[in-house]
Amino acid sequence: DVLAVEGETYFGNGVEVSVLSETGGREVVMTDNLSAHTAYIMAMYRHRGQLHGKMSEIAQAYAETKRAATGRVGRNVRICNCGVITDVAVGDCAQINGAMRLHDGSINSNEYDPVTVGSGVRAEHFIFSSGSQIESNALLTRCFVGQACKLGHGYSASDSLFFSNCQGENGEACAIFAGPFTVTHHKSTLLIAGMFSFMNAGSGSNQSNHMYKLGPIHQGVLERGARTASDSYILWPARVGPFSLVMGRHVTHSDTTNLPFSYLIEKNNTTFLAPGVNLRSVGTIRDAQKWPRRDARKDPDKLDCINYNLLSPFTIQKMFKGLKTLDNLRHASGELSDLYSFHSTKITNSALTKGIQYYNIGIRKFLGNSLIQRLVNLPAGASDEEMQALLRPDTEIGHGLWVDVSGLIAPRSEVARLMDDIESGAVADMETINARFRAMHANYYTYEWTWAYDMIHAYYGIDPACMTKAQAIEIVRGWKEAVVGLDRMVYEDARKEFSLSAMTGFGADGAREDKEHDFQHVRGDFESNPFVRETLAHIERKTKLGDELIGRLE
């Protein structure tokens with residue numbers, strides 16, 4: 001119907017998105033080159049008032065460079081059967097077919113990764129990044145859509161940020177910060193006033209952000225890798241630790257940030273916590289393997305720096321805190337107590353004991369991995385002094401607390417240094433901010449070893465500066481035991497998927513042999529399952545790696 005610009009416009013740049021809090025207070029200013037990490041700082045560090053002011057100035061200065069009274073349609077673009085398109089900049093190779101209304105936005109398509117806007121789409125005050133697909137009656141207001149995101153099948157969202165590889169279908173989002181790989185597919189699912197990443201929302205998952213008092217002022221955080229089961233409900237405010245599973249209805253405002261890899265299960269209106277149990281879940285390991293394969297970004301200029309590591313200083317530091325918490329609970333209430341109370345949750349005696357076991361396995365696996373990678377080039381017959389020299393960290397960066405900046409895992413000191421530079425004016429543009437984040441990401445393993453070096457001393461009581469080869473061998477043996485033990489747990493968890501109870505519903509007439517044959521034709525045989533075979537191969541590879549290093553050390 002119409003393709004026009006109705007006066008001076010910024011094409012979606014400079015628009016404030018009231019993320020996490022519908023009533024305001026955490027606004028993020030949209031720009032074409034907004035990364036998940038820049039948005040995280042802008043939204044979450046509001047207590048640093050000067051920082052937010054400077055970042056808003058930087059974003060608005062970028063928006064000013066885009067101001068124009070004339071629109072642009074790039075090369076090799078197809079616009080067909082559309083309604084009203086006003087104040088929109090269209091990049092190269094975009095495909096816009098059947099969109100109903102597009103107003104005040106940028107479609108940042110390019111030849112490497114074109115953008116597709118499909119039938120029935122309505123969007124106002126938006127930015128679509130390269131490789132994104134917005135289709136099938138999606139309804140968006142004040143939204144940033146990151147690289148390789150897919151939104152469609154009637155999905156509606158307002159005041160929300162979706163970063164790399166997010167998927168939204170059928171459901172609804174309001175004021176959410178969707179970090180990389182946030183996925184929701186179901187009509188009955190509402191995500192509201194929450195921060196997520198590497199998250200999969202089950203059907204019927206929803207949250208409440210007010211209690212009919214002061215309005216929608218509450219917010220919540222599901223840290224990286226958290227999942228919600230079907231019909232789960234969380235009353236904000238609440239915080240769920242990394243790689244945790246939420247089942248049932250939870251209304252007690254629990255905070256499990258330092259108990260990662262847990263199950264939160266509702267029973268009789270009470271939240272029961274099983275610490276660490278998700279570490280041995282086949283679903284957790286499968287997720288960690290599939291995320292890198294599902295990164296659909298083809299644009300060589302990737303806005304978000306994504307760290308896929310399941311075990312990192314970020315999660316291992318939480319395991320250290322989790323161990324201390326569980327030990328303190330056992331000491332305070334006694335080893336024979338049936339139930340322990342923690343932050344509005346209940347932990348059974350057996351769950352607490354197993355949680356300590358799982359966290360110790362995770363810590364030994366991570367520290368052993370770091371040590372082995374450091375010694376990969378150690379020659380056979382090297383002296384203790386040569387080994388100690390090889391173990392010496394390459395940098396002082398990495399000590400202390402680590403943070404997950406919406407997909408990027410980095411030392412808090414480096415993130416703080418960047419914020420200081422923004423406040424002082426030493427960093428004054430979006431490109432420099434993004435470059436600094438890319439440098440943190442590129443140096444992850446260098447920084448990681450500095451942290452692991454400290455933790456080996458803290459956990460094993462062995463100073464790496466004085467470590468002997470005999471001590472290194474003991475750490476590697478403990479690592480091998482942890483890796484193989486954890487893989488065996490995952491293997492047994494996978495076996496449950498092939499049990500007789502899992503075959504319920506298979507077989508045309510219910511005979512057992514028909515059921516088994518039908519199951520095998522549909523699901524395959526357990527031993528030939530690709531994941532199971534990879535788990536067994538992983539055990540073999542890691543055993544060989546450990547034995548080879550022990551041989552060189554001996």
Side-chain angles (χ1 to χ4, degrees), residues 261 276 279-293 307-313 315-316 319 357-384 386-394 444-446 448-449 451-453 455-456 459-460 462 464 467-495 497-498 524-554:
F261 296 93
L279 196 60
R280 58 144 179 83
S281 166
V282 64
T284 303
I285 307 303
R286 179 177 168 272
D287 281 347
Q289 292 177 356
K290 78 183 181 186
W291 284 318
R293 294 198 300 265
N307 188 314
Y308 296 102
N309 289 1
L310 198 66
L311 301 181
S312 67
T315 50
I316 298 298
M319 290 188 192
Q357 174 195 353
Y358 294 141
Y359 287 155
N360 276 309
I361 289 174
I363 291 169
R364 290 201 301 270
K365 179 177 178 180
F366 172 80
L367 294 180
N369 275 340
S370 296
L371 180 67
I372 288 169
Q373 289 303 312
R374 197 70 184 181
L375 296 178
V376 70
N377 294 320
L378 182 71
S383 65
D384 286 348
E386 288 174 305
M387 183 187 73
Q388 292 159 11
L390 202 59
L391 294 179
R392 199 170 297 121
D394 300 320
Y444 167 79
Y445 286 105
T446 304
E448 180 194 77
W449 174 245
W451 188 85
Y453 191 85
M455 292 303 107
I456 287 173
Y459 186 73
Y460 290 104
I462 298 171
M467 184 185 293
T468 65
K469 288 190 290 183
Q471 290 171 325
I473 288 171
E474 286 307 306
I475 293 175
V476 173
R477 283 180 176 151
W479 165 84
K480 192 171 75 167
E481 181 182 324
V483 170
V484 173
L486 193 59
D487 279 349
R488 287 292 175 190
M489 291 181 197
V490 172
Y491 179 85
E492 292 303 323
D493 195 44
R495 188 186 290 277
E497 298 290 313
F498 292 80
D525 177 70
F526 173 69
E527 295 296 343
S528 61
N529 179 270
F531 180 86
V532 173
R533 292 172 65 179
E534 172 54 29
T535 301
L536 293 174
H538 187 260
I539 292 174
E540 185 178 340
R541 286 198 308 272
K542 295 301 182 181
T543 301
K544 183 178 178 181
L545 179 63
D547 289 343
E548 189 273 335
L549 179 57
I550 289 171
R552 275 190 288 133
L553 288 169
E554 288 177 335

Check ion pair R541-E534 (N to O, under 4.0 angstrom):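 Result for this pair is yes, salt bridge flagged.
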Salt bridge R552-E386, side-chain N to carboxylate O under 4.0 Å: no
Separation between [atom1] of [X] and [atom2] of [Y], rounded to the nearest 0.5 Å:
{"X": "Y453", "Y": "E448", "atom1": "OH", "atom2": "CD", "value": "15.5 Å"}
{"X": "K290", "Y": "R293", "atom1": "NZ", "atom2": "CZ", "value": "9.5 Å"}
{"X": "Y460", "Y": "L367", "atom1": "OH", "atom2": "CG", "value": "5.5 Å"}
{"X": "I550", "Y": "I475", "atom1": "CD1", "atom2": "CD1", "value": "11.5 Å"}
{"X": "L378", "Y": "L549", "atom1": "CG", "atom2": "CG", "value": "7.0 Å"}
{"X": "L371", "Y": "M387", "atom1": "CG", "atom2": "CE", "value": "7.5 Å"}

Steps toward side chain to side chain contact (heavy atoms under 4.5 Å, CB included) verdict (I363, Y358): CA-CA 9 Å; I363 291 169; Y358 294 141; over 6 Å; no
Verdict with reasoning, V490 to T284, per side chain to side chain contact (heavy atoms under 4.5 Å, CB included): CA-CA 9 Å; V490 172; T284 303; over 6 Å; no
Answer whether the closest heavy-atom distance between the side chains of [X] and [Y] falls below 4.5 Å.
{"X": "V476", "Y": "I372", "value": "yes"}
{"X": "L375", "Y": "L391", "value": "yes"}
{"X": "Y491", "Y": "I539", "value": "no"}
{"X": "M489", "Y": "E492", "value": "no"}
{"X": "V484", "Y": "T543", "value": "yes"}

Grab the two heavy atoms, one from [X] and one from [Y], that are nearest each other, plus how far apart they are.
{"X": "M467", "Y": "I456", "answer": "CE-CG2, 3.9 Å"}
{"X": "L390", "Y": "N377", "answer": "CD2-C, 4.4 Å"}
{"X": "A494", "Y": "V282", "answer": "CB-CG2, 4.0 Å"}
{"X": "F366", "Y": "S312", "answer": "CE1-CA, 3.8 Å"}
{"X": "L279", "Y": "I285", "answer": "O-CD1, 4.1 Å"}
{"X": "G478", "Y": "R364", "answer": "O-NE, 3.9 Å"}

Is it true that a side-chain atom of [X] and a backbone atom of [Y] form a donor plus acceptor pair closer than 3.5 Å?
{"X": "D394", "Y": "T446", "answer": "no"}
{"X": "N529", "Y": "V532", "answer": "yes"}
{"X": "W479", "Y": "S370", "answer": "no"}
{"X": "K469", "Y": "A382", "answer": "yes"}

Heavy atoms from other residues, nucleotides or ligands near CD of Q289 exceed 12 (cutoff 6.0 Å): yes
Atom CZ of R392: over 12 foreign heavy atoms under 6.0 Å: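 Count not over threshold, so no.
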Steps toward side chain to side chain contact (heavy atoms under 4.5 Å, CB included) verdict (L536, R488): CA-CA 9 Å; L536 293 174; R488 287 292 175 190; 4.2 Å; yes
Audit row: W451, I316, side chain to side chain contact (heavy atoms under 4.5 Å, CB included) steps and yes/no: CA-CA 10 Å; W451 188 85; I316 298 298; 3.7 Å; yes
Under 3.5 Å side-chain donor-acceptor pair for N360 and Y459: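 Yes, Y459 and N360 have a side-chain donor paired with an acceptor closer than 3.5 Å.
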